A.B. asks: 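Sharing a structure below in structure tokens format, with a few things to ask.
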Amino acid sequence: MPGDEGGVAGLAAGMLLVATPVLLDPNFADTVVLLLDVDEEGALGVVLNRPSPVSVAEVLGQWSAAVAEPHVLFHGGPVGTDAALAVALLRDPADVPVGFRAVRGSLGLLDLDTPTELLAGSLAGLRIFAGYAGWSPGQLEVEVDEGSWYVVPAEALDAFRGDTAALWRDVLRRQPGELAWHSTRPVDPELN
């Protein structure tokens, strides 16, 4: 399946990119990105910890009751901000609804043209992202090699947390070894 190939530095669909302190691009500083597709054409993901003030009800009313708290759109990234991507978690991996495409395990993308009534009871989580993060072939590998991203395993519920403010720290904190120490860095290293 496209996106499941392992790449340089463990890059694969379903992994997380955690911004390192050297990544100063305001689009990605202090972000956690869920990779949705990684192949020879590049990589695509969504930023998990950038909620917007726009409610899902304002833009995609039929989906407002289905999305995880908070019921807002998330800034998925700087590319295609006028389009929406839906990340979903299946309640039962054996019950795959129409319009669902697996990314890794029970986590996948959901086609927002799917009638909501066809999904009743099928999803354990849903989040809608305006825009996405995209990298051309080799670009993300270079950024990882330069030290801009930590590449770590995702947990399915990372994409559906109600409070995303501590996601960056929590993801790092659960990593083995010295990587967990990075979760304690101050927001402003000058204050250390």
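Computed over heavy atoms, backbone and side chain alike; hydrogens, waters and symmetry mates excluded. These figures come from a predicted structure and were not determined experimentally.
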A.B. asks: Going only through I, L, V, M, F, W and Y residues with side-chain contacts under 4.5 Å, is there a path from Val47 to Val67?
C.D. replies: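 Val47 and Val67: separate clusters.
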
A.B. asks: CG/Leu118 to CZ/Phe100 distance, rounded to the nearest 0.5 angstrom?
C.D. replies: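 Between Leu118 CG and Phe100 CZ, I get 15.0 Å after rounding to 0.5 Å.
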
A.B. asks: Are the side chains of Thr164 and Pro51 in touch, meaning some heavy atoms are under 4.5 Å apart?
C.D. replies: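 Side-chain contact under 4.5 Å: yes.
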
A.B. asks: Any donor and acceptor pair, going by atom type alone, linking the side chain of Arg50 with main-chain N or O of Asn27 inside 3.5 Å?
C.D. replies: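 Side chain of Arg50 to backbone of Asn27, a donor-acceptor pair under 3.5 Å: yes, one is there.
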
A.B. asks: Count I, L, V, M, F, W, Y as connected when their side-chain heavy atoms are under 4.5 Å apart, and connections chain through other members. Are Val18 and Phe160 then in the same cluster?
C.D. replies: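 Linked within one cluster.
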
A.B. asks: Could you state the interatomic distance from CG (Leu126) to CG (Leu89), rounded to the nearest 0.5 Å?
C.D. replies: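 So the CG of Leu126 and the CG of Leu89 are separated by 10.0 Å.
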
A.B. asks: What is the distance from atom CG of Leu16 to atom CH2 of Trp149, rounded to the nearest 0.5 Å?
C.D. replies: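 Here the rounded value is 10.5 Å.
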
A.B. asks: Could you go step by step and tell me if Leu17 and Val151 meet the side-chain contact (heavy atoms from CB on, under 4.5 Å) rule?
C.D. replies: CA-CA 5 Å; Leu17 300 174; Val151 181; 3.8 Å; yes

A.B. asks: Return the minimal non-hydrogen interatomic distance between Trp168 and Val32, and the atom names on each side.
C.D. replies: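 Heavy atoms only, the tightest pair is CA-CG2, 3.6 Å.
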
A.B. asks: Any donor and acceptor pair, going by atom type alone, linking the side chain of Glu143 with main-chain N or O of Leu140 inside 3.5 Å?
C.D. replies: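 Such a contact is absent between Glu143 side chain and Leu140 backbone.
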
A.B. asks: Do you know which two heavy atoms are closest between Leu112 and Ala84, and how far apart they sit?
C.D. replies: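 Taking Leu112 first and Ala84 second, the nearest heavy atoms are CD1-CB, 3.7 Å.
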
A.B. asks: Output, in order, the C-alpha distance, side-chain angles, deciding distance and verdict of side-chain contact (heavy atoms from CB on, under 4.5 Å) for Leu11 and Trp135.
C.D. replies: CA-CA 12 Å; Leu11 294 173; Trp135 294 266; over 6 Å; no

A.B. asks: Which atom names give the shortest non-hydrogen contact between Ala13 and Arg104, and what distance separates them?
C.D. replies: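 Closest heavy-atom pair between Ala13 and Arg104: O-CZ, 3.1 Å.
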
A.B. asks: For Leu110, run the side chain to side chain contact (heavy atoms under 4.5 Å, CB included) check against Ile128, Leu123, Val87 and tell me which one passes.
C.D. replies: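 That would be Leu123.
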
A.B. asks: Are Leu90 and Pro97 side-chain neighbours, meaning at least one heavy-atom pair lies under 4.5 Å?
C.D. replies: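 Leu90 reaches Pro97 side chain to side chain.
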
A.B. asks: Should Leu119 and Trp63 count as side-chain neighbours, where that means a heavy-atom distance under 4.5 Å?
C.D. replies: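 Contact flag for Leu119/Trp63 side chains = yes.
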
A.B. asks: With hydrophobic residues grouped by side-chain heavy-atom distances under 4.5 Å, do Leu34 and Leu109 end up in a single group?
C.D. replies: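 Yes, because Leu34 and Leu109 connect within a single hydrophobic cluster, where side-chain heavy atoms sit under 4.5 Å apart.
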
A.B. asks: Taking atom CG of Asp30 and atom CG of Asn49, what is their separation to the nearest 0.5 Å?
C.D. replies: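 Reported to 0.5 Å precision, the distance equals 8.0 Å.
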
A.B. asks: Is Arg161 paired with Glu69 through a side-chain N to carboxylate O contact shorter than 4.0 Å?
C.D. replies: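 The answer is no: the pair does not qualify as a salt bridge.
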
A.B. asks: When rounded to the nearest 0.5 angstrom, what distance separates CG in Leu36 from CE in Met15?
C.D. replies: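 Atom-to-atom, Leu36:CG and Met15:CE are 13.5 Å apart.
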
A.B. asks: So, Arg174 and Asp158, do they make that salt bridge, N to O below 4.0 Å?
C.D. replies: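 Judged by the 4.0 Å cut-off on N to carboxylate O distance, Arg174 and Asp158 do form a salt bridge.
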
A.B. asks: Could you report the tightest heavy-atom contact between Ala19 and Phe28, atom names first, then the distance?
C.D. replies: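 Nearest heavy atoms, Ala19 then Phe28: CB-O, 3.3 Å.
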
A.B. asks: Please step through side-chain contact (heavy atoms from CB on, under 4.5 Å) for the pair Thr114 and Asp111, ending with a clear verdict.
C.D. replies: CA-CA 6 Å; Thr114 304; Asp111 183 344; 3.7 Å; yes

A.B. asks: For residues Leu48 and Phe74, determine if any side-chain heavy atom of one lies less than 4.5 Å from a side-chain heavy atom of the other.
C.D. replies: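 No, side chains not in contact.
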
A.B. asks: Determine, step by step, whether Ser64 and His71 satisfy the side-chain contact (heavy atoms from CB on, under 4.5 Å) criterion, reporting the C-alpha distance in whole Å, the side-chain angles of both residues, the deciding distance to 0.1 Å, and the verdict.
C.D. replies: CA-CA 6 Å; Ser64 62; His71 298 283; 5.6 Å; no

A.B. asks: Tell me whether Val46 shares a hydrophobic cluster with Tyr150, the cluster being built from Ile, Leu, Val, Met, Phe, Trp, Tyr side chains joined at under 4.5 Å.
C.D. replies: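 Result: yes, single cluster for both.
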
A.B. asks: What pair of heavy atoms forms the shortest contact from Val33 to Thr31, and how long is it?
C.D. replies: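 In terms of heavy atoms, the two residues are closest at CG2-OG1, 4.0 Å.
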
A.B. asks: Of the non-hydrogen atoms in Leu35 and Ala43, which two are nearest, and what is the gap between them?
C.D. replies: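 Closest pair (atom of Leu35, atom of Ala43, distance): CD2-CB, 4.4 Å.
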
A.B. asks: Shared ILVMFWY cluster between Val152 and Leu157, side chains joined below 4.5 angstrom?
C.D. replies: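 In one cluster: yes.
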
A.B. asks: Let me confirm one number: the OG1-CZ distance from Thr81 to Phe129, rounded to the nearest 0.5 Å.
C.D. replies: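 CZ of Phe129 is found 15.0 Å from OG1 of Thr81.
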
